[in-house]
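Some notes on the structure that comes next.
The analysis underlying the following values was restricted to heavy atoms, covering all of them including side chains, and did not include hydrogens, waters or symmetry mates. These numbers come from a predicted model, not from an experiment.
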Amino acid sequence: MIFKNLIIIVFILSFLYAIIRPSRNIFSKLFLIFGSILGFLSVIGENYVIKIANFLGIDRGTDLFVYIGLTVIFFFIFYTLDRL
């Protein structure tokens with residue numbers, strides 16, 4: 001339980017850092033924001049993820065992970081291309 005709370009705090013801090021951090025590149029900021037959200041959702045529990053997915057109009061919690069994961073991959077690819 002302590003480890004779970006510690007990981008949740010890490011994801012919340014990384015989310016806040018992404019919002020506060022000044023960045024010239026919007027893709028790096030969005031990558032960190034969506035990555036933090038995905039990590040936070042993976043830790044909080046299945047019942048909460050299903051409730052969040054239903055609130056957003058998504059049928060299953062698993063689909064929510066897929067959609068956020070694809071978004072993170074999309075931003076990572078564009079961030080990498082922008083860096084090159």
Side-chain angles (χ1 to χ4, degrees):
M1 188 67 172
I2 293 173
F3 186 72
K4 180 179 176 180
N5 291 337
L6 179 66
I7 297 296
I8 287 173
I9 290 171
V10 167
F11 284 125
I12 289 172
L13 289 176
S14 66
F15 178 77
L16 293 175
Y17 173 73
I19 291 175
I20 295 171
R21 177 183 143 202
S23 178
R24 297 180 310 209
N25 190 349
I26 190 69
F27 292 117
S28 63
K29 184 175 252 191
L30 291 174
F31 174 72
L32 191 55
I33 288 172
F34 282 114
S36 300
I37 291 170
L38 185 63
F40 180 75
L41 287 176
S42 67
V43 174
I44 61 171
E46 181 180 340
N47 293 333
Y48 295 116
V49 173
I50 292 171
K51 288 180 184 178
I52 293 169
N54 288 334
F55 177 74
L56 294 174
I58 301 171
D59 293 333
R60 299 180 303 167
T62 308
D63 293 338
L64 179 64
F65 282 117
V66 170
Y67 297 152
I68 294 175
L70 289 173
T71 306
V72 169
I73 291 169
F74 174 77
F75 286 126
F76 178 72
I77 290 170
F78 278 104
Y79 173 72
T80 304
L81 290 174
D82 187 51
R83 297 292 277 177
L84 296 175

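For Phe34, the ring-ring contact (aromatic ring centres under 6.0 Å, His included) partners two or more places apart in sequence, or in a different chain, are Phe75. Taking the side-chain hydrogen bond (donor to acceptor under 3.5 Å, both in side chains) definition, one finds that Asp63 meets it with Arg60, sequence neighbours left out. With sequence neighbours left out, Tyr48 forms a ring-ring contact (aromatic ring centres under 6.0 Å, His included) with no residue at all. Residues passing the ring-ring contact (aromatic ring centres under 6.0 Å, His included) test with Phe78, sequence neighbours excluded: Phe27, Phe74. For Ile73, the side chain to side chain contact (heavy atoms under 4.5 Å, CB included) partners at least two apart in sequence or on another chain are Ile77. For Ser14, the side-chain hydrogen bond (donor to acceptor under 3.5 Å, both in side chains) test picks out Ser36, with sequence neighbours left out.
Separation of atoms CG (Leu81) and CZ (Phe76) is listed at 10.0 Å; rounding is to 0.5 Å. Atom CZ of residue Phe65 and atom OG1 of residue Thr62 lie 7.5 Å apart, to the nearest 0.5 angstrom. Taking CD1 from Ile68 and CD1 from Ile58, the interatomic distance works out to 7.0 Å, rounded to the nearest 0.5 Å. Expressed to the nearest 0.5 Å, how far CG of Leu41 lies from CD1 of Ile52 amounts to 5.0 Å.
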Expected list for residues 6-13: side-chain donor-acceptor pairs under 3.5 angstrom, two or more places apart:
none

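By the rule that hydrophobic residues join a cluster once side-chain heavy atoms approach within less than 4.5 Å of another member, Ile26 and Ile20 end up as members of separate clusters. Put simply, Leu30 and Phe40 are part of the same group of oily side chains (I, L, V, M, F, W, Y) that touch within less than 4.5 Å, one to the next.
The two residues Asn54 and Asp59 have their closest heavy-atom pair at OD1-O, 3.4 Å. When every heavy atom of Leu38 is checked against every heavy atom of Gly69, the shortest pair comes out as CD2-CA, 4.1 Å. Of all the heavy atoms in Ala18 and Ile33, the pair that sits closest is CB-CG1, 3.5 Å.
Note on residues 26-52: no pairs pass salt bridge (Lys or Arg N to Asp or Glu O under 4.0 Å), not counting sequence neighbours.
Hydrophobic cluster membership of Ile2, counting Ile, Leu, Val, Met, Phe, Trp and Tyr whose side-chain heavy atoms lie under 4.5 Å apart directly or via other members: none, as it forms a cluster of its own.
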